[in-house]
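We count ligands from 1, going down the list as the structure has it; atoms in each ligand are counted the same way.
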Amino acid sequence: MEMRTIATTPFDDQRPGTSGLRKTVSRFRQPNYLENFVQAVFDTVPTLKGGTLVVGGDGRFYNREACQTILRMAAANGIGKVLVGRDGLLSTPAASVLIRKYQTQGGLILSASHNPGGPDGDFGIKFNTANGGPAPESLTEAIYARSKSLTEYRLFDHPDIPLYEAGLFTIGTTQIEVIDPVNDYAELMEELFDFDAIRELFIGGFRMRFDAMHAITGPYAHEILERRLGAPIGTVIRGEPLPDFGGHHPDPNLAHATELVAELYSEHGPDFGAASDGDGDRNMILGHQFFVTPSDSLALILANAELVPGYRGKVRGVARSMPTSGAADKVAETLGLECFETPTGWKFFGNLLDAGRISFCGEESFGSSSDHIREKDGLWAVLFWLNILAERQQSVAEIVKQHWAEYGRSYYTRHDYEAIDLAAAQGLMTHLEAQLPDLVGKTLAGARVAYADNFSYTDPVDGSVSKNQGLRIGFEDGSRIIYRLSGTGTVGATLRLYIEKYEADPAQQNQDTQQALAPLIQLALELAELPQRTGRDMPTVIT
Ligand code: VG1
Ligand code: CO
């Protein structure tokens, strides 16, 4: 057993995207590909030397091998200690909990989140800093720069560490502690929510279904919902993490969680349904025959926060990503709280959370969370809803409709055009951006354009500027059309079209979403020449 220095040459595609480095499994399995990126992280974050690193992932194909490689490299790079989840498993929010609770210098999370897994699927890795959150842009850029000049990496020759049970090991002078992936997370949830009230809800016959989609939240949901909260066994379905997620996209939305949706929409379906994604940071909330948009979910969480013990009396501001609907803004306005609009990606919430400016944050992409960690948190959102339901004793539909009556409804949809030609996508964005200045002041689809620009964000805490964060067209009546290219896809380009329309009149709040938004959708397609330029006449996924 010895320390080895291995010569390597850089790869030119290791710039992290919206959420870490995400590539196909076959790309990641190329010799030195993973190693180069990990070495670039270790070289860029000197505090890790002699410090503690958290390691774990969502259990997808290549998770275990990658864990073992990271452990060997950690030892060769002088990391003092590694906390690794049993079987190499950790949900993204649980990794954030561990980094914060044990005050480690950071963590490496292995996941491609909602992207499909298996040998032909995707893999990913991201570095989270000592606050428990995704590395900010300045750091991901520094890691990328380092990856381009690497000539070698360091690795300790050592057999695999047994990860199947908790225990203490060493490689060289580096301590490896294999820990239970669920316990610390579950304890924090017990501190935040009224578990007694939720237990009573289940005793009263409340019926719930949680779809873990054969991804990482299975073990967490079994422990928290069925063991600690007493929900009947069988409440959690597809609870066993599988390397290929059972062949499905572990993406909790109406398009991919089809069986759950069918059950919730059936005549005698459960009162409440929820699902989470590959790495456990996303959530979908369903009532009986009712879908809660993620944008509405954030607004409702904020509006009902006083019902939840962990937040009562201490709610500060809220932040949402730019394409997320303005539903939360309305609540913030009424409550007199600060409200921020950030670029897409959780890393942009970190500074606001650290500075104590916001309590809650969320994205339209089925993500919400609070200042309890620095990641989005799927099960946290589910427990928040359970706590609200236990307190209010109303159905999900009643609660949401009452909310709309009070604050107005933001009709909202996102249309994704996946794996389109990269050059065509870039051409579309360029063509569109050139038109934006001329649109302002025009009346289109019955409303006047108030602004049209390429969103740029100045972080209110550290003043850093992030440009090119999406093209937006805003109307005087509050409607918006937004176009963005995804930063998490691995094939070609994915174009996301986000459409929103505000409706204050309760008599107009019960329309079908796609119908209510049809004129704006049509306008969005025309302005971008979308069918002609992409060759698509339908989106791949509508959420
Ligand atoms: C998507 C979502 C974004 C989210 C990101 C990571 O990014 O739109 O809101 O933060 O995924 O989520 P993009 O660049 O493809 O639009 V996760 O759960 O995949 O880590
Ligand atoms: Co995710």
Just by distance, no angles: are the side chains of H114 and R282 close enough, under 3.5 Å, to form a donor-acceptor pair? yes
Atoms of ligand 1 less than 4.0 Å from T344 heavy atoms? 3 (C), 8 (O), 9 (O)
For D277, take its heavy atoms, then give the atoms of ligand 1 lying under 4.0 Å from any of them. 18 (O)
Atoms of ligand 1 close to G487 [distance to a heavy atom under 4.0 angstrom, numbered from 1]: 13 (P), 14 (O), 15 (O)
Note: ligand 1 atoms sitting under 4.0 Å from heavy atoms of R496 are 8 (O), 13 (P), 15 (O), 16 (O)
Name the closest protein heavy atom to atom 14 (O) of ligand 1, giving the residue it belongs to and the distance to 0.1 Å. T18 OG1, 2.4 Å
Without hydrogens or angle criteria, can the side chains of E35 and Q39 be said to hold a donor-acceptor pair below 3.5 Å? no
Below 4.0 Å from any atom of ligand 1, is there a heavy atom belonging to K376? yes
Which residue owns the protein heavy atom closest to atom 7 (O) of ligand 1, what's the atom, and how far is it? T488 CG2, 3.5 Å
Selected option - heavy-atom contact closest to atom 5 (C) of ligand 1, from E418, R282, R484: R282
Polar contact flag, side-chain donor to acceptor under 3.5 angstrom, T543-D416: no
For the residue pair H415 / Q514, report whether a side-chain donor-acceptor contact shorter than 3.5 Å exists. yes
Name whichever N, O or S atom of D281 ends up nearest to the Co ion (ligand 2). OD1
Charged tip of K376 within 45° of F366 ring normal and under 6.0 Å: no
N/O separation below 3.5 Å, A112 to ligand 1: no
Please list the nearest protein heavy atom to atom 9 (O) of ligand 1 with its residue and the distance rounded to 0.1 Å. S365 OG, 2.6 Å
Does ligand 1 come near enough to W346 that some N or O of the ligand is less than 3.5 Å from an N or O of the residue? no
Measure centre to centre between the rings of F384 and Y311, then say whether the value is under 6.0 Å. yes
Between T494 and ligand 1, which residue portion shows a heavy-atom distance shorter than 4.0 Å: side chain, backbone, both, or neither? neither
With atoms numbered from 1 as shown, which atoms in ligand 1 lie under 4.0 angstrom from a non-hydrogen atom of R22? 17 (V), 19 (O), 20 (O)
Is it the side chain, the backbone, both or neither of S19 that has a heavy atom closer than 4.0 Å to ligand 1? side chain
Check D277 and report its N/O/S atom nearest to the Co ion (ligand 2), by atom name. OD2
Among Y33, F61, Y62, exactly one meets ring pair (Phe, Tyr, Trp, His ring centres under 6.0 Å) together with F123. Which residue is that? Y62
For atom 10 (O) of ligand 1, what is the nearest protein heavy atom, given as residue, atom name and distance? E363 OE1, 2.7 Å
Ranked by distance from atom 17 (V) of ligand 1, the top protein heavy atom is S113 OG, 2.7 Å
Within the 4.5 Å heavy-atom criterion, are R480 and I473 side-chain neighbours or not? no
Look at the side chain of K501 and the backbone N and O of R409, then say whether any donor-acceptor pair between them is shorter than 3.5 Å. no
Can any side-chain N or O of T494 pair as donor or acceptor with the backbone N or O of E418 at less than 3.5 Å? no
Would M322 count as a contact residue for ligand 1, given that I'm defining contact as a non-hydrogen atom of the residue lying under 4.0 Å from a ligand atom? no
Going by heavy atoms, is R414 under 4.0 Å from ligand 1? yes
Could you tell me whether the side chain of R60 and the main chain of P116 form a donor-acceptor pair under 3.5 Å? yes
Close N or O approach (K126, ligand 1; < 3.5 Å): no
Do Q14 and N36 meet the criterion of a side-chain donor-acceptor pair at a distance under 3.5 Å? no
Taking a cutoff of less than 4.0 Å between a non-hydrogen atom of the residue and any ligand atom, is S321 in contact with ligand 1? no
Have a look at D279 and say which of its N, O or S atoms is nearest the Co ion (ligand 2). OD1
Give a yes or no answer on whether the side chain of E500 reaches the backbone of G326 with a donor-acceptor pair at less than 3.5 Å. yes
For a quick test of reading the model, state the closest non-hydrogen atom pair linking Y417 to R536 and the distance between them. CD2-CB, 3.9 Å
Below 2.8 Å, any N, O or S contact between T92 and the Co ion (ligand 2)? no
